[in-house]
Amino acid sequence: MRHRFLAILFVAVLALAGCGSDESRGAPNDGATLLLDFQPNAVHTGIYMAISRGYDTALGVELHVRAPSESTEAVKLLASGRTDLAILDIHDLALARERGRDLVGVMALVQTPLAAIFAQPPNRTPRDLEGKRVGVTGLPSDDAVLRSIVAGAGGDPDKVHVTTIGFNAVRSVLTGRVAGATGFWNAEGVALRARRPEIREFRVDDFGAPAYPELVLAVTRETLQDRSSLVRASVAALARGYEEVLSDPESGVSALVEAVKGLDRAEVQRELDEVSPSFTAGARGFGELNRPRLEAWARWERRFGITKRVPDVGLAFDGRYVPRPGRD
C-alpha cells in the first residue's frame, strides 16, 4: 500500500508541476515497449524498480521490457517502429544516425563510459599489450576503445594483434586465449574480478577519453514529435526508478531478480555496487544529457574513427524531458 500511495503522490506532484496548455504534459494512457541494450543486469535496476513500484502506470504509460536477441537488434527494431523506446550504446546511436536513421537520445542511464580493456596480470599498463592478442566483440566502437586506451598509455595500437571473440571476454581472458579483451567494467569486469581478483582493468576514460554517457534511452524523431507525452511519462517514471535505486539499493536488486529468472542476487549486488556511482557522476540529477560532455564525446567519436563525421549533438540528443531537480 505504501508504494502505491507514493506512486499516486508522485504523479500528482508531476501533474501540478506540469499544469498548463502544453498537451505533451498530459498522461499518454498508452503502453510502450522498452528494449534493453543487453541481457538484464544491474545497470537496468532502475527500469525494473519503476515498473515494480508502478511509477510508469501512475503516469499513464505501461512499460513492457524486452531483452534483445542480439546486440544490434535494438537499433533495427527502434528504427522500424517495432519497439517504442530502446536503451542504446551511445556509439550505436551515433552510427545509426550517420547511416540516416533519425534516432534521438532523450535520457542518460549512466554519466561515464563503461568500456574498458581487461588484461592478464603480467600486463601492468595498456602499453604492455603491444605484440599480444587482444579480443574485441567485432563492434566498431571496440576498436576505437582499444586504440584510445593503448595510445593513451603511450603505446602503439597498430602493434596490438586484434582478434574477434564476440561477447566471450570473460572466458577468453580466463582461459588465456587472449592477453586482454574489451568489455564493460560493470558487467564483464565484475565477473572477471570475482573469479580472478588480480585481473587488470583499464577504463577508457582513464586513458584520454572524455566522460560520456555510455548508455542512453532513445526514440525515433517521429515518436518524439507525435507521442511526446509518452516520452515525457516514460522518462519521468524511469528517472524516479533510478532515484529509488540510489536511495534503496537492496530493493533495486530485488526488483530485478524477482522479475528476471536465473539471475544471481549476489552477482547483481556486486554489479550495482560497482555501477551505481555512474548513474549521477558529475550530473545535477539522474538522466541529465550534459551538452559540453556530449560535444567532447562527439569530437572523440570522430577522432578515433567510430564515425566519419563529428556527430551533431543538437540533433542526436534532446534532454528537455529529463526531470530537473527542484522543478519536476
Side-chain angles (χ1 to χ4, degrees), residues 37-38 71-72 75 88-101 103 105 108-119 123 125-167 169 178-189 200-216 218 278 281-282 289-317:
D37 57 299
F38 196 61
S71 62
T72 58
V75 167
L88 297 183
D89 186 291
I90 194 171
H91 309 302
D92 291 338
L93 173 63
L95 287 167
R97 290 194 54 80
E98 191 163 75
R99 293 165 184 159
R101 292 170 168 169
L103 307 183
L109 263 70
V110 291
Q111 295 293 333
T112 65
L114 301 178
I117 292 176
F118 311 104
N123 301 285
T125 79
R127 185 174 181 174
D128 293 336
L129 295 171
E130 290 181 354
K132 299 175 183 177
R133 284 163 50 107
V134 175
V136 296
T137 63
L139 297 175
S141 57
D142 272 18
D143 293 329
V145 165
L146 175 58
R147 295 186 67 83
S148 180
I149 293 175
V150 174
D156 184 350
D158 291 330
K159 293 182 179 179
V160 177
H161 303 309
V162 180
T163 182
T164 301
I165 60 172
F167 293 91
V178 294
T182 57
F184 276 7
W185 51 256
N186 64 299
E188 289 94 342
R200 305 283 186 182
E201 179 180 281
F202 309 125
R203 299 188 183 187
V204 67
D205 48 333
D206 287 334
F207 293 91
Y212 57 79
E214 185 81 48
L215 300 175
V216 295
S278 182
L289 290 168
N290 181 284
R291 181 66 178 255
R293 285 188 175 192
L294 292 171
E295 296 283 5
W297 158 79
R299 294 189 294 271
W300 181 87
E301 200 83 350
R302 169 63 184 87
R303 178 186 172 194
F304 282 93
I306 298 177
T307 55
K308 296 178 181 178
R309 298 179 298 277
V310 175
D312 187 327
V313 169
L315 291 176
F317 301 95

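In what follows, every heavy atom counts, from backbone to side chain, and hydrogens, waters and symmetry copies are set aside.
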Query raised in the report: So do the side chains of Asp89 and Phe184 get within less than 4.5 Å of each other, counting heavy atoms only?
Result: yes
Requested in this report: First locate atom CZ of Arg97, then atom OG1 of Thr307, and finally report the distance between them rounded to the nearest 0.5 Å.
Outcome: 11.5 Å
Report task. Please round to the nearest 0.5 Å and tell me the distance separating atom OG1 of Thr164 and atom CG of Asp142. Result -> 9.0 Å
Report task. Please say which of Glu130, Lys132, Arg200 ends up in a side chain to side chain donor-acceptor pair (under 3.5 Å) with Asn123. Result -> Lys132
Query raised in the report: Hey, are the side chains of Asp158 and Arg147 touching, using non-hydrogen atoms and a 4.5 Å cut-off?
Result: yes
Query raised in the report: Got a second to check how far Glu295's CD is from Asp312's CG, nearest 0.5 Å?
Result: 8.0 Å
Query raised in the report: Which atom pair, heavy atoms only, marks the closest approach of Ala316 to Leu93?
Result: O-CD2, 4.0 Å
Query raised in the report: Looking at side-chain heavy atoms only, is the closest gap between Val204 and Trp300 below 4.5 Å?
Result: yes
Query raised in the report: Are the side chain of Glu98 and the backbone N or O of Arg309 linked by a donor-acceptor pair below 3.5 Å?
Result: yes
Query raised in the report: Are more than 12 heavy atoms from other residues, nucleotides or ligands located less than 6.0 Å from atom CZ of Arg303?
Result: no
Query raised in the report: Closest heavy-atom contact between Gly131 and His161?
Result: O-CD2, 3.2 Å
Query raised in the report: Taking the inter-plane angle between the rings of Phe207 and Phe202 on a 0 to 90° scale, is it parallel (under 30°), tilted (30 to 60°) or perpendicular (over 60°)?
Result: perpendicular
Query raised in the report: Checking side-chain contact (heavy atoms from CB on, under 4.5 Å) against Val136, which of Val162, Val160, Ile117, Val145 comes through?
Result: Val162
Query raised in the report: Are Glu214 and Trp297 close enough that some pair of their side-chain heavy atoms sits under 4.5 Å apart?
Result: no
**Report entry** Approximate separation, where rounding is to 0.5 Å, of Leu95 CG and Leu103 CG
**Finding:** 11.5 Å
Query - Nearest-0.5 Å distance that lies between atom CG in Leu109 and atom CG in Asp37 - result: 8.0 Å
Requested in this report: With rounding to the nearest 0.5 Å, note down the distance linking CG in Leu146 to OG1 in Thr182.
Outcome: 7.0 Å
Report summary line: Scanning both residues in full, the closest heavy-atom pair of Ala298 with Val313 reads CB-CG2, 3.9 Å
Report summary line: Ala281 and Thr112 have their tightest heavy-atom pair at CB-CG2, 3.9 Å
Requested in this report: Would you name the heavy atoms of Val75 and Ala96 that are closest together and state the gap between them?
Outcome: CG1-CB, 3.8 Å
Query raised in the report: Between Trp185 and Ser278, is any pair of side-chain heavy atoms under 4.5 Å apart?
Result: yes
Query raised in the report: Do Ile90 and Pro113 come close enough that some side-chain heavy atom pair is under 4.5 Å?
Result: no
**Report entry** Contact summary for Thr163 and Val178, nearest pair of heavy atoms
**Finding:** CG2-CG1, 3.8 Å
